[in-house]
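Shown next, in structure tokens, is the structure this report addresses.
Residues: numbered from 1 along the sequence shown. Atoms considered below: every heavy atom in the structure, side chains included; atoms not considered: hydrogens, waters and symmetry mates. Order of listing sets the numbers, starting from 1, for every ligand and every atom in it. These numbers were taken from a predicted model, which means no experiment stands behind them.
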Amino acid sequence: MNKKIAIILAFAVAVCSIFTSGCAGVKVRTFYALDTSIKITAYNCTDEIIDSMVERVNSFDAIFNIYNKDSEIYKLNQEGRLEEASETLVSVLSQSLNYASMTEGAFDPTIGAVSMLWDFENGTVPKDEDIQSALKTVDYKNVAISGKRIILKNGAKLDLGAVVKGYAVGNIASRLKLDGIKRATLDFGGTVYVFGEKSIKVGIQTPFGKAGEISAEIAAAGQTVVATSGNYQRYFDKDGKRYHHILDPKTGYPVNNGLQSVSVIGSTAAMDDAFSTALFVLGREKATELINRVKGMQAVFISDDDTMYHTSGLEYDGNYTFTIKQNG
Ligand code: ADP
Ligand code: MG
């Protein structure tokens with residue numbers, strides 16, 4: 001075979017194999033898990049890799065879904081103890097206890113007894129006496145972990161909904177990187193993890209705007225997590241009052257402190273997610289104090305009158321875009 005033909009043939013084979021293995025370009029997968037809609041966009045990826053990520057996310061769902069009778073957390077909540085908890089549950093729970101202590105209980109993973117009283121689909125306000133008795137069980141110090149054993153004291157019930165999407169998105173990002181993926185955007189119901197591009201922009205959703213309508217963008221480099229908690233994500237109106245899904249662990253009622261959303265910009269995913277909830281509960285002033293003590297984390301607040309505020313490690317161009325200061 002002459003050399004020119006051989007080269008053309010080799011090129012054709014290479015191109016074909018790229019298309020048949022599905023390696024070329026970008027893979028996008030959207031699915032529902034962890035009580036939210038999830039979108040994985042990965043570049044130079046295969047269907048096999050994406051399939052295994054979906055399976056992995058579903059396996060987290062089987063651990064953390066408090067309404068699924070077969071889940072590990074359901075059993076733990078029912079029985080108050082587990083002797084052989086999975087490594088994943090032990091790990092996420094112990095991280096959560098740490099975040100609870102850092103936020104002085106503004107994020108509290110034992111909010112379960114209270115959060116399960118609130119039904120945002122049907123829009124019913126629980127009886128105050130039920131809230132008061134459930135509140136007695138809410139205290140992250142009611143959780144004891146020793147090895148694989150988890151004990152919930154004083155009737156405490158877990159709800160890890162405020163941290164699990166962050167944990168999952170961080171875990172999937174690490175797995176993708178281990179599988180050789182160099183660039184991806186992972187959106188787990190408002191907790192977004194991007195990595196790989198020189199310049200990455202992540203939008204901050206406009207509260208009560210259309211899906212995808214954004215109020216600002218975070219421009220970052222390399223690897224960034226943007227985790228948003230807002231009162232517009234899950235709520236209902238009743239008798240002229242709005243009730244939403246971010247609860248004050250001290251009162252058992254939705255937090256009402258002048259904020260519509262808090263977006264945390266960080267790189268640790270699980271912590272960013274837990275903190276987005278905690279900062280919302282704390283309110284802008286206390287949240288800013290707390291974030292100033294935490295390394296590598298910034299926040300954008302959108303108040304009830306649509307004003308945007310941000311922490312000192314971010315720079316705003318006055319128009320639309322936030323950038324992270326080098327030494328922020
Ligand atoms: P989303 O789940 O919409 O992204 P969050 O990350 O803020 O929003 O998590 C809110 C969920 O966390 C609620 O649906 C509830 O299950 C739980 N939760 C609500 N308030 C708290 C709190 N103060 N501490 C811990 N978990 C909370
Ligand atoms: Mg959260």
Side-chain angles (χ1 to χ4, degrees), residues 32-38 60-61 64-68 73-74 77 92-93 95-121 126 131 134-135 137-140 142-143 156-170 186-193 204-205 207 211 225-236 243-257 259-266 268-283 286-287 290 297 299 301:
Y32 196 87
L34 307 175
D35 205 19
T36 194
S37 94
I38 292 181
F60 296 146
D61 199 274
F64 294 107
N65 187 333
I66 51 174
Y67 297 105
N68 173 357
I73 206 163
Y74 187 92
N77 278 343
V92 176
L93 186 55
Q95 289 175 56
S96 295
L97 296 180
N98 197 13
Y99 306 145
S101 130
M102 290 174 87
T103 62
E104 290 173 3
F107 160 79
D108 193 319
T110 62
I111 196 124
V114 173
S115 65
M116 283 184 258
L117 291 174
W118 287 93
D119 179 349
F120 294 96
E121 262 74 67
I131 291 184
L135 255 188
T137 69
V138 178
D139 184 348
Y140 65 94
N142 282 332
V143 183
K157 309 268 184 246
L158 296 179
D159 173 357
L160 295 170
V163 67
V164 78
K165 289 193 287 288
Y167 167 77
V169 81
L186 313 170
D187 185 346
F188 282 36
T191 301
V192 181
Y193 193 130
I204 295 181
Q205 169 73 33
V225 179
V226 180
T228 299
S229 287
N231 62 2
Y232 59 89
Q233 287 158 329
R234 203 165 285 196
Y235 68 92
F236 63 88
Y243 299 91
H244 64 89
H245 75 313
I246 303 173
L247 305 169
D248 187 338
K250 289 205 181 86
T251 65
Y253 284 87
V255 181
N256 195 353
N257 57 13
L259 289 175
Q260 294 189 86
S261 76
V262 178
S263 296
V264 168
I265 298 102
T268 43
M271 182 168 165
D272 303 325
D273 193 7
F275 268 61
S276 73
T277 309
L279 298 183
F280 193 102
V281 172
L282 288 171
K286 281 191 187 154
L290 172 61
M297 192 186 274
F301 305 90

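Coordination check, Thr277 versus the Mg ion (ligand 2): passed, since an N/O/S atom of the residue sits under 2.8 Å. Counting backbone and side-chain atoms alike, Ala278 contributes no N/O/S atom closer than 2.8 Å to the Mg ion (ligand 2).
Ion pair Asp108/Lys250 not flagged as a salt bridge, since none of the NZ, NE, NH1 or NH2 atoms sits closer than 4.0 Å to an Asp/Glu carboxylate oxygen.
Scanning the protein for heavy atoms near atom 5 (P) of ligand 1, the closest one is Thr277 OG1, 3.3 Å. Scanning all protein heavy atoms for the shortest distance to atom 14 (O) of ligand 1 gives His245 CD2, 3.2 Å. Nearest protein heavy-atom neighbour of atom 24 (N) of ligand 1: Asp108 N, 3.0 Å. Annotation: atom 18 (N) of ligand 1 to nearest protein heavy atom, Ile111 CG2, 4.1 Å. Scanning all protein heavy atoms for the shortest distance to atom 16 (O) of ligand 1 gives Asp159 OD2, 2.5 Å.
Counting heavy atoms closer than 4.0 Å to ligand 1, residue Ala278 contributes nothing at all. Of the heavy atoms in Gln233, only side-chain atoms (C-beta onward) come closer than 4.0 Å to ligand 1.
Angle subtended at the Mg ion (ligand 2) by Ala162 O and Asp273 O: 90°, rounded to 10 degrees.
Side chains of Lys286 and Asn257 form no contact here, defined as non-hydrogen atoms less than 4.5 Å apart.
For a threshold of 3.5 Å applied to N or O pairs, the pair formed by Ile246 and ligand 1 contains no separation below that value. The shortest N or O to N or O distance between Leu247 and ligand 1 is under 3.5 Å.
Ring-plane geometry between Phe236 and Phe120 is classed as tilted, the angle between the planes lying from 30 to 60 degrees on a 0 to 90 degree scale.
Close placement of the His244 and Phe280 rings is indicated, their centers lying within 6.0 Å of each other.
Contact atoms of ligand 1 toward Val281: 23 (N) (distance under 4.0 Å to a heavy atom of the residue).
Closest heavy-atom approach to atom 2 (O) of ligand 1 within the set Lys165, His244, Lys250: this belongs to Lys165. With atom 22 (C) of ligand 1 as the reference point, the heavy atom nearest to it among Gly190, Ala162, Ala106 is part of Ala106.
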